[in-house]
Amino acid sequence: MSDERHAGGEQDGKGAFRRDRQELWRRLIEHASEAGPPEEWEGIGRRDFMKLVGASVALAGCSREPVGKLLPYTVRPVGVTPGVPDHFATAMAIDGRAVGLIVESHEGRPTKIEGNPAHPASLGAAGVFEQAAVLQLYDPSRAGALRMRGRDASWESFCAAFSQPRTDGGEGLRFLLPPTTSPTIADLLGRIAKSAPLARVTFTSPLAGQDLDGARLAFGRPLQPLPDLSQAGALLCLDADPLGPSPWQLAWARQFAQRRTLGADGQMSRLYVVEAMLSLTGTMADHRLRRRSVEVGRFAAAVLAEVIALGHAPPGMPGDLPTRLDKMRDPDRRTAQAVARDLAGRGGDALVLVGERQPAAVHALGHALNAALSARGARLLPSPFIDAGAATIDLGTLAADLSRGAVDTLVICETNPVYDAPADLDFAGAMNREGVLRFHHGLYVDETAELC
């Protein structure tokens, strides 16, 4: 846009308007510095003040755009039409689970994210994490170059440092990465296992729950719970927040809403929540029981005992299970009885969810309850997460290996254990030892990257 367009009367008119606005602001500041409330100010009336505020708001949206030049494509990429957005399907991983998305892109620059209607985890919707993900692409705080010992470095120097041949079979080599379902990473780990069979791999996430361990305790193998809330006329959440932030939040919210509307018989689903802190699901509860997190397991055992007493025993139940449950009786037995009667009277149209923060034993109680209730919505699938088999170690073992000097090379991918690892592990002190070559791969120069 050329400056000639603003010449003449248009320029004079806007200049006069700006001068009037500056004069009004000057008068307002002068009177604001005087003592006394605004109604005692002299020289500026309500009409002038409202005119000043209105003009400021109007001009805030009418500022000139910066002068720039648009150049056409010399060779236009195939499928790109300037001004016409493209849409492509992708997925965003949250704790290793994928959420299907549709991204709107203008000339190769993503600008808007929505859910993919064909993906079961989003069903066409997008949550706050998905909506905000596009901003990460343009975050100026992202790491912009490879760094070695705090200074910019070249890829050649990185390859030289990491390509030294190993003769110990990878005995001192450790990898730390988040839980993942990526077949590509599974293939890479397989290659590492062949070339360095003594290397060890740790999967960690600060918010990872014990649902897989609970399924292993109940069924003898790791299974991924994937409940269907649309199959629940009565839902018991034991420190669980299915409507809160999670990879399946969008799908669960849609399923919950299906049963939360009045049916032809005038009935809708009933929600019981037992939790320590108010959650998004707790705000929707018909009946909410406040309990400390360590007491949730006792309430689950009490409900299971009452369900068994009503004649609904889980398949393969040990004979001494009722006696063991009786020792864990919840002090509020009347509440447990009322919940058990409602769940047991639904004929399979009931569901029990256990929060990821609960230990494996409470998850096992939840599986036993769903089995006793013949819950149709209690779906279990084979675990989709990649496992390194015998080479897998937990974060505590990795910290111990670092502390005793058994690690010479540590590769960290997309995790920040210095910030989010349990404090009693002192992971920063364990990894920041002489003789340990540390590599970090991630989007930001975070606390862990600073020590690598």
Side-chain angles (χ1 to χ4, degrees), residues 94-95 97 127 179 205-219 222-229 231-232 234-253 255-256 260 269-307 314 325 328-340 342-343 350-373 375 377-380 420 422:
I94 301 178
D95 282 345
R97 303 174 177 90
S205 171
L207 300 179
Q210 300 192 39
D211 46 358
L212 295 179
D213 294 333
R216 185 184 288 106
L217 184 61
F219 304 105
L223 296 173
Q224 176 65 55
L226 189 58
D228 184 358
L229 273 61
Q231 301 292 324
L235 178 63
L236 171 61
C237 291
L238 299 169
D239 200 19
D241 187 17
L243 303 182
S246 72
W248 289 91
Q249 174 189 13
L250 302 171
W252 284 337
Q255 296 169 2
F256 179 76
R260 203 60 175 170
S269 64
R270 183 170 296 157
L271 175 61
Y272 301 94
V273 175
V274 182
E275 61 185 6
M277 297 180 62
L278 184 63
S279 64
L280 187 59
T281 305
T283 62
M284 303 290 293
D286 299 299
H287 305 278
R288 179 175 176 271
L289 181 63
R290 290 188 301 170
R291 288 294 171 88
R292 294 190 302 164
S293 294
V294 296
E295 297 175 350
V296 172
R298 293 188 61 186
F299 186 82
V303 174
L304 179 57
E306 299 297 339
V307 168
L325 292 175
M328 300 174 60
R329 287 284 186 179
D330 191 84
D332 192 358
R333 184 175 181 180
R334 293 181 58 185
T335 302
Q337 288 177 335
V339 174
D342 189 10
L343 297 177
L351 182 63
V352 178
L353 299 181
V354 180
E356 292 187 344
R357 293 184 296 267
Q358 290 296 312
V362 181
H363 282 274
L365 286 174
H367 291 307
L369 270 168
N370 285 322
L373 298 170
R379 297 183 300 177
L380 292 167
D420 54 40

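Small disclaimer: the values here were computed from a predicted structure and weren't measured. In what follows, residues are counted from 1 in the order of the sequence shown.
Using a 4.0 Å cut-off between charged nitrogen and carboxylate oxygen, Arg298 and Glu295 do not count as a salt-bridge pair.
Across all non-hydrogen atoms, the minimal contact from Gly366 to Val354 is CA-CG2, 3.8 Å. Closest of all the heavy-atom pairs between Leu304 and Ala368 is CD2-CB, 4.0 Å. Of all heavy-atom pairs between Leu250 and Gly127, the closest is CD2-N, 3.6 Å. Minimum heavy-atom separation, Leu223 to Pro225: O-CD, 3.3 Å. Met284 and Arg260 make their closest contact through O-NH2, 3.0 Å (heavy atoms, listed as atom of the first residue, atom of the second, distance). Nearest heavy atoms, Leu365 versus Gly297: CD1-O, 3.7 Å.
The main-chain N or O of Pro227 is found under 3.5 Å from a side-chain atom of Trp252 such that the two form a donor-acceptor pair. Counting only distance, with no hydrogens or angles, the side chain of Gln358 and the backbone of Ser293 share a donor-acceptor pair below 3.5 Å. Side chain of His367 to main chain of Val362: no donor-acceptor pair is present (N/O by atom type, distance under 3.5 Å, no hydrogens or angles).
A 4.5 Å side-chain heavy-atom check between Ile94 and Arg97 finds every atom pair outside the cut-off. Side-chain contact check for Leu351 versus Asn370: some heavy-atom pair is nearer than 4.5 Å. For the pair Val273/Asp241, no side-chain contact is recorded, criterion being any heavy-atom separation below 4.5 Å from C-beta on. In this structure, the side chains of Gln255 and Gln231 stay at 4.5 Å or more apart for every pair of heavy atoms. Side-chain atoms of Arg357 and Asp239, non-hydrogen and from C-beta on, do get closer than 4.5 Å to each other. Here the side chains of Glu306 and Val339 are not in contact, with every heavy-atom distance at 4.5 Å or above.
Phe299 CZ to Leu238 CG: the interatomic distance, rounded to the nearest 0.5 Å, is 7.5 Å. Between Leu343 atom CG and Tyr272 atom OH the span is 6.5 Å, to the nearest 0.5 Å. Here the OG1-CG distance, from Thr283 to Leu243, works out to 7.5 Å after rounding to the nearest 0.5 Å. Here the CD-CZ distance, from Glu275 to Arg290, works out to 10.5 Å after rounding to the nearest 0.5 Å.
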Quick one: do Thr281 and Phe256 satisfy side chain to side chain contact (heavy atoms under 4.5 Å, CB included)? Show the steps, please. CA-CA 10 Å; Thr281 305; Phe256 179 76; over 6 Å; no
Using the side chain to side chain contact (heavy atoms under 4.5 Å, CB included) rule, take Leu229 and Leu353 through it: C-alpha gap first, then chi angles, then the decisive distance, then the call. CA-CA 10 Å; Leu229 273 61; Leu353 299 181; 4.1 Å; yes
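Around CZ of Arg379, the count of heavy atoms belonging to other residues, nucleotides or ligands within 6.0 Å exceeds 12.
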